[in-house]
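Just so you know, these numbers come straight off a predicted model, no measurement behind them.
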Amino acid sequence: MAGQSRKWMILIATIWIQAFTGTNFDFSSYSSTMKSVLKISQGQLNYLATASDMGKVFGWSSGLALMYLPLSLVMFIAASMGLIGYGLQFLLINNIITLPYFLVFLLCLLSGCSICWFNTVCFVLCIKNFPVNRPLALSLTVSFNGVSAALYTLAANSINPSSDQLYLLLNALVPLLTSLAALPPILRQPPLSDTHSPHAARHNSVIFLTLNILAVFTGLYLLLFGSSTSDEATSRLYFGGAVVLLISPLCIPGIIYARDWFSHAFHSSLRVEGTGFILVHVDDLELHKELLTRQNSTRSLGNGEGHSLLGENDGFLYESQREKSADVNCEKFFGQDQLEMLGEEHSASVLVKRLDFWLYYVAYFCGGTIGLVYSNNLGQIAQSLGHSSRTSTLVTLYSSFSFFGRLLSATPDYIRNKFYFARTGWLTIALIPTPIAFILLASSDSVMALNIGTALIGLSSGFIFAAAVAVTSELFGPNSLSVNHNILITNIPIGSLLYGFLAALVYDANAIPLHGNTIMSNSLVCMGRQCYFLTFVWWGCISVLGLASSLMLFLRTKHAYNHFERHRISAQSIVS
């Protein structure tokens with residue numbers, strides 16, 4: 001029982017780490033001041049944002065470090081990177097030190113790398129301590145990474161609402177303090193016997209559902225009060241409330257001890273097993289392992305017989321069904337190289353030869369990544385439309401809806417027993433709000449359009465960021481996830497560079513120097529709707545391309561998802 005409690009303490013610590021280490025999401029809060037202090041163009045500012053995103057290119061280094069160093073030490077190395085990267089930027093933006101632009105670029109790169117190291121620590125903690133409920137733990141904790149900007153906005157407003165530089169100081173110190181708070185549970189991780197219980201998935205489902213409900217309340221709270229323009233005392237009260245919501249899961253150990261009594265008292269009236277909100281079933285995992293084992297056996301005999309993995313009769317039926325629907329099957333349009341089953345392991349060399357991977361890559365590149373670049377430009381977008389005072393509100397809005405999007409990424413699994421739909425299909429649906437948002441932003445410069453567009457983009461990109469881990473695992477193999485997902489997210493720095501450069505070209509082409517303004521003196525500033533109109537049009541067209549790519553991916557993979565679901569149901573009926 002003590003081991004179970006320690007396991008949940010690990011999850012709570014992981015939530016804290018994710019909630020306070022998404023420091024790249026508040027870039028827009030201080031970007032205008034950074035641009036003015038450094039006296040750089042919008043294009044050069046974009047390169048700094050890209051440098052932060054380029055940290056993902058070096059995400060593999062954290063995995064290498066974990067091969068030789070303890071998890072706790074890797075976490076503090078990540079905190080040290082952020083302390084140095086953001087700390088020196090704070091001194092720079094306050095004119096305490098002077099640095100050449102190239103060194104500032106490297107500091108942004110170091111700061112971005114620290115975020116990836118923190119993410120790796122969180123992934124390892126979830127995978128190690130929740131092997132049965134791995135997707136549940138990952139989706140929940142990754143969701144909290146989306147509220148970082150709202151939390152930092154509340155913290156900054158509670159100290160000094162007029163200081164943009166304060167964000168950099170908080171980015172440097174808060175992750176270090178969070179690491180110190182998370183250290184005791186990490187050092188006291190439970191033994192493996194307490195995390196590999198065969199009934200863990202069913203017994204833990206109510207607790208995960210409770211945590212998700214609490215997460216929704218946290219997101220709503222931050223949405224309502226995260227960008228409050230009240231006085232410092234009220235802002236401190238709001239920030240204190242957010243902290244209380246984050247530490248409230250500490251009651252979980254008490255729930256663990258009360259669970260046995262609850263299950264005995266209400267077992268006949270409330271039955272957890274078999275309900276629709278169990279995200280990962282043990283039977284599913286065993287079936288998945290069996291399919292993979294059969295796959296390996298089949299491959300040892302020869303290639304090209306993937307459809308026989310599910311038995312001779314089932315394979316024949318499956319092949320017959322595909323032949324009958326040949327005229328309408330997407331194979332007719334996209335070739336023969338389709339996935340036959342979920343979970344097939346793909347090495348990096350095989351991965352890059354798959355059409356399905358590149359469709360997935362383009363969908364992410366033109367969907368989630370473009371939403372991240374939009375968030376990086378929120379400071380200049382608000383300024384150009386004359387809403388500089390609403391920058392913190394927009395950052396909080398994007399952050400909160402990104403959080404809700406991440407939480408919604410688990411919805412397909414919660415409703416799986418009542419309504420099943422391929423996860424790649426949900427990914428396509430999640431991409432729809434992005435082009436709608438850019439059409440709205442291009443057609444109107446009103447505050448309402450800006451708020452709605454920001455919320456839609458945050459919701460869409462948040463869903464994609466969280467769902468991508470599960471999609472990568474299902475399409476290209478769970479054991480190859482760490483390598484394959486790192487290959488996938490190389491699109492983020494590439495997209496950050498290209499999309500940001502496009503936005504900077506349009507912005508600088510319409511910018512004029514403002515000599516009379518002391519804050520933005522000697523800086524090229526663009527004011528008016530024309531500053532981002534063409535950018536929104538281009539980004540909207542690009543997001544449509546991502547939507548089309550995602551739709552093609554869904555058409556190519558839906559048969560594999562349906563096939564897996566049919567056999568999952570068959571296996572459950574046999575067991576019952």
Side-chain angles (χ1 to χ4, degrees), residues 21-62 77-94 97-120 145 148-149 152 164-165 167-172 175 364-365 368-381 395 461 465 486-505 507-508 523-524:
T21 57
T23 49
N24 58 325
F25 290 110
D26 62 14
F27 178 79
S28 293
S29 298
Y30 59 85
S31 60
S32 294
T33 304
M34 176 76 78
K35 178 182 177 182
S36 176
V37 170
L38 294 178
K39 296 179 176 59
I40 56 178
S41 66
Q42 185 66 22
Q44 290 173 306
L45 183 66
N46 169 66
Y47 295 143
L48 296 184
T50 301
S52 180
D53 295 330
M54 280 181 64
K56 295 176 176 60
V57 176
F58 302 98
W60 56 269
S61 60
S62 57
I77 292 176
S80 300
M81 289 180 183
L83 181 65
I84 296 172
Y86 288 116
L88 291 179
Q89 288 182 67
F90 171 75
L91 297 177
L92 173 69
I93 204 172
N94 281 281
I97 61 173
T98 56
L99 294 172
Y101 177 81
F102 177 71
L103 285 182
V104 179
F105 182 91
L106 292 181
L107 289 176
C108 291
L109 182 63
L110 184 65
S111 303
C113 193
S114 73
I115 300 170
C116 289
W117 279 50
F118 275 122
N119 288 340
T120 300
N145 195 245
S148 294
Y152 277 97
D164 294 343
Q165 301 93 322
Y167 285 92
L168 286 167
L169 181 61
L170 292 172
N171 288 353
Y364 196 117
F365 180 71
T369 298
I370 207 168
L372 179 62
V373 178
Y374 173 82
S375 72
N376 289 339
N377 281 266
L378 268 176
Q380 281 66 53
I381 292 172
V395 171
S461 58
F465 292 148
N486 277 326
I487 295 175
L488 171 70
I489 62 176
T490 56
N491 78 83
I492 294 179
I494 297 173
S496 180
L497 177 63
L498 295 180
Y499 300 147
F501 182 70
L502 173 63
L505 282 178
Y507 184 97
D508 287 339
S523 178
L524 286 174

Checklist entry - Quick one: side-chain contact (heavy atoms from CB on, under 4.5 Å) partners of Leu83, sequence neighbours excluded? => result Ala172, Leu173, Leu176

Item to check | Heavy-atom pair of closest approach, residues Ser148 and Gly22 | outcome: OG-N, 3.0 Å

Checklist entry - Closest approach of Ser52 and Asn24, non-hydrogen atoms and distance? => result OG-CB, 3.7 Å

Checklist entry - Side chains of Thr21 and Ile115: closer than 4.5 Å at any heavy-atom pair? => result no

Checklist outcome for this item: Nearest heavy-atom approach of Gly368 to Ser461 is O-CB, 3.8 Å

Checklist entry - Mind checking whether Phe25 and Phe465 have parallel, tilted or perpendicular rings, split at 30° and 60°? => result tilted

Item to check | Residues forming a side-chain contact (heavy atoms from CB on, under 4.5 Å) with Leu170, sequence neighbours excluded | outcome: Tyr152, Ala155, Ala156, Ile159, Leu166, Val174

Item to check | From OG (Ser496) to CG (Leu48), nearest 0.5 Å | outcome: 10.5 Å

Next on the checklist: Going by side chain to side chain donor-acceptor pair (under 3.5 Å), name the residues that satisfy it together with Ser31, two or more places apart in sequence or in a different chain.
Outcome noted: Gln380

Checklist entry - Going from OG on Ser28 to CG on Asp164, what distance comes out if it is rounded to the nearest 0.5 angstrom? => result 11.0 Å

Next on the checklist: Using the side chain to side chain donor-acceptor pair (under 3.5 Å) criterion, which residues pair with Asp26? Sequence neighbours excluded.
Outcome noted: Asn171

Item to check | Partner set under ring-ring contact (aromatic ring centres under 6.0 Å, His included) for Tyr507, not counting sequence neighbours | outcome: Tyr532

Checklist entry - Looking only at heavy atoms, which two atoms of Ser41 and Asp508 are closest? And how far apart? => result CB-OD2, 3.8 Å

Side-chain polar contacts of residues 99-107 - donor-acceptor pairs under 3.5 angstrom, sequence neighbours left out - could you list them?
{"residue": "Tyr101", "atom": "OH", "partner": "Gln44", "partner atom": "O", "Å": "2.5"}

Checklist entry - Looking at side-chain heavy atoms only, is the closest gap between Leu168 and Leu92 below 4.5 Å? => result no

Checklist entry - What residues, two or more places apart in sequence or in another chain, satisfy ring-ring contact (aromatic ring centres under 6.0 Å, His included) together with Tyr30? => result Phe27

Item to check | With sequence neighbours excluded, residues passing side-chain contact (heavy atoms from CB on, under 4.5 Å) with Ile77 | outcome: Leu69, Leu73, Met81, Trp117

Checklist entry - Mind checking whether Thr23 and Pro175 have side chains closer than 4.5 Å, heavy atoms only? => result yes

Item to check | Interatomic distance, Leu169 atom CG to Gln89 atom CD [nearest 0.5 angstrom] | outcome: 12.0 Å

Item to check | For Tyr364, all residues meeting ring-ring contact (aromatic ring centres under 6.0 Å, His included), sequence neighbours excluded | outcome: none

Checklist entry - Listed by chain and number, what are the side chain to side chain donor-acceptor pair (under 3.5 Å) partners of Ser114, not counting sequence neighbours? => result none

Checklist entry - So, for Met34 and Ile93, which heavy atoms are closest and what is the spacing to 0.1 Å? => result N-CD1, 3.8 Å

Checklist entry - What distance do Leu488 atom CG and Phe365 atom CZ have between them, rounded to the nearest 0.5 Å? => result 12.0 Å

Checklist entry - Distance from Thr98 atom OG1 to Leu38 atom CG, nearest 0.5 Å? => result 11.0 Å

Checklist entry - Any chance the side chains of Asn491 and Thr369 put a donor and an acceptor closer than 3.5 Å? => result yes

Item to check | Worked check of side-chain contact (heavy atoms from CB on, under 4.5 Å) between Phe90 and Tyr167 | outcome: CA-CA 8 Å; Phe90 171 75; Tyr167 285 92; over 6 Å; no

Item to check | Identified side chain to side chain contact (heavy atoms under 4.5 Å, CB included) partner of Tyr374 from the options Asn376, Leu372, Leu378, Ile370 | outcome: Leu378

Checklist outcome for this item: When rounded to the nearest 0.5 Å, the distance separating OG1 of Thr490 from CD1 of Ile494 is 5.0 Å

Checklist entry - Thr120: what forms a side chain to side chain donor-acceptor pair (under 3.5 Å) with it, not counting sequence neighbours? => result Ser62

Checklist entry - Distance-only, no hydrogens or angles: does the Asn46 side chain make a donor-acceptor pair with backbone N or O of Gln42 under 3.5 Å? => result no

